[in-house]
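Notes to accompany the following structure.
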Number of protein chains: 2
Amino acid sequence: MVTKQFSGPAEDADLRRADSLGREIFSDVANKWALLIIEALGEGTLRFSELRSRVEGISHKMLTQNLRMLERNGLLERTVYPTVPPRVDYTLTDAGHALQATVDGMCEWTYRYFHHIESARRRFET
Amino acid sequence: MVTKQFSGPAEDADLRRADSLGREIFSDVANKWALLIIEALGEGTLRFSELRSRVEGISHKMLTQNLRMLERNGLLERTVYPTVPPRVDYTLTDAGHALQATVDGMCEWTYRYFHHIESARRRFET
DNA sequence: CGGGATCCACATAGATACTG
DNA sequence: CAGTATCTATGTGGATCCCG
C-alpha cells in the first residue's frame, strides 16, 4: 500500500489505479498544516477563527486552502450558518477521526523521543 | 504536545522550549518524502540507490536532503563503506522504527478509507 | 555510486484589499 | 466573520555538472 509497487503488466489495472490514488491521498494529507488541522479538530468542532488561533503560525490563506482540501477528501465536514456575521463550523468525519488517531501517534512519538532527538542533533553538528 | 499551547508567563520556560522543539521536529518529519523514506526503510537497511527506486518519484536532491535531515534527528543511521565504488547504507534507529509504526498506520488508513475518499471527491466536484 | 554545488523555473505562501 | 482574489517574493525542487 502506497509504497508497494506493481511490477508486471499482467497486474490488475484497478489495483494500479488504487495505488496511484493512495499515493495522491498520502501526498495531500502528509503535510504539516493538514496534520496540525486534523489534530486540532480531534478535540471537537471548531470555527474558522478558532482553528486559526489553535494552529499556531498558520496563515489565513493556508488555513482555507487546507480546509478545502480536507473537505474535498471527506476528512471533515463544513457547516455554514447563514447568520450575520457568518459562522462556519468544521468537524471531523469518521475518516478524519481515524486519521487523527494516527496523528496522535506521531505527536506521542515526538514526545517520547524528544531527548533522543535532541542529543542526536548535538552529535550531528560536529 | 505539539498542538498544545503554553499561555501564562508563569509557565515553565523549559516546557515552552520543549514545545517549540516538538513543533520543529513535527514540521521536519510531517512531510511526504520524509515519511515515505521512513516507510521504505521499515522493511530493512537500504542503499542510496535502492531508496531512490523504492521511493517512487523522489529526486536525487530531495532524497539526500531528507536523508541528512532524518540522520540529524537521529531517525536513521548512515554507514559508509570506503570501497570503490562507494557504498552507503541507511538503517532506521529505534526512534525511526517507532515513527515508522505510526506511518504504517497512515498507510493502512489510506487503504481503509479509500472508497470513502473517492466518493467524497465525486460529491465535492458539483 | 553517493553526493555536493550551482542555476533556474515554478509553485507556494504571505500580504493586502475587497465582498457577502 | 469567513472567504476570494490578486500581486509578489521567496524558497523549493528539478536538472545538470563535477568530485571522491
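Convention: sequence-line order gives letters A, B, ...; per-chain numbering from 1.
Phosphate contact (OP1/OP2 of C/dC1, side-chain N/O of B/Arg47, threshold under 4.0 Å): absent. OP1 or OP2 of C/dG2 sits under 4.0 Å from a side-chain N or O of B/Ser49. Residue A/Ser59 has no polar side-chain atom (N or O) positioned under 4.0 Å from OP1 or OP2 of C/dA15.
Atom CD of B/Gln65 and atom P of C/dG4 are 10 Å apart (whole Å). Atom CG of B/Asp28 and atom P of D/dT12 are 11 Å apart (whole Å). Whole-Å rounding puts the A/Asn31 CG to C/dT12 P distance at 11 Å. Here the P atom of nucleotide D/dA2 and the CG atom of A/Asn66 are 17 Å apart, to the nearest Å. Between the CZ atom of B/Arg52 and the C1' atom of C/dC1 there is a distance of 12 Å, given to the nearest Å. Rounded to whole angstrom, the span from the NZ atom of A/Lys32 across to the C1' atom of C/dT12 amounts to 13 Å. Separating the CG atom of A/Leu51 from the C1' atom of D/dG3 is a distance of 14 Å, rounded to the nearest angstrom.
Between the side chain of A/Trp109 and the backbone N or O of B/Ala95 there is at least one donor-acceptor pair closer than 3.5 Å. Although no hydrogens or angles enter the test, the distance criterion places a donor-acceptor pair under 3.5 Å between the side chain of A/Thr93 and the main chain of A/Leu75. Listed for the A/Gln65 side chain is no donor-acceptor partner under 3.5 Å among the backbone atoms of A/Met62. A donor-acceptor pair under 3.5 Å links the side-chain atoms of A/Asn31 to the main chain of A/Trp33, judged by distance alone. Looking only at distances, a side-chain donor or acceptor of A/Arg52 sits under 3.5 Å from a matching main-chain atom of A/Ile58.
Within 4.0 Å (heavy atoms only), B/Tyr90 reaches sugar-phosphate atoms of the nucleic acid but no base atom.
Of the residues in residues 67-79 of chain A, A/Arg68, A/Arg78 come within less than 4.0 Å of DNA chain D through at least one heavy atom, sorted by number.
Comparing A/Arg87 and A/Lys61, the nucleotide of DNA chain D nearest to each residue sits closer to the 5' end for A/Arg87. Of the two residues contacting DNA chain C, namely B/Glu50 and A/Met62, the nearest-nucleotide position lying further toward the 5' end is that of B/Glu50.
A search for salt bridge (charged side-chain N to carboxylate O under 4.0 Å, His left out) contacts involving B/Asp104 returns nothing, not counting sequence neighbours.
Annotation: cation-pi geometry not satisfied between B/Arg72 and A/Phe124 (NZ/CZ under 6.0 angstrom from ring centroid, within 45° of ring axis).
For D/dG14, the base has no donor-acceptor partner in the side chain of B/His60 [N/O atoms by modelled type, under 3.5 angstrom].
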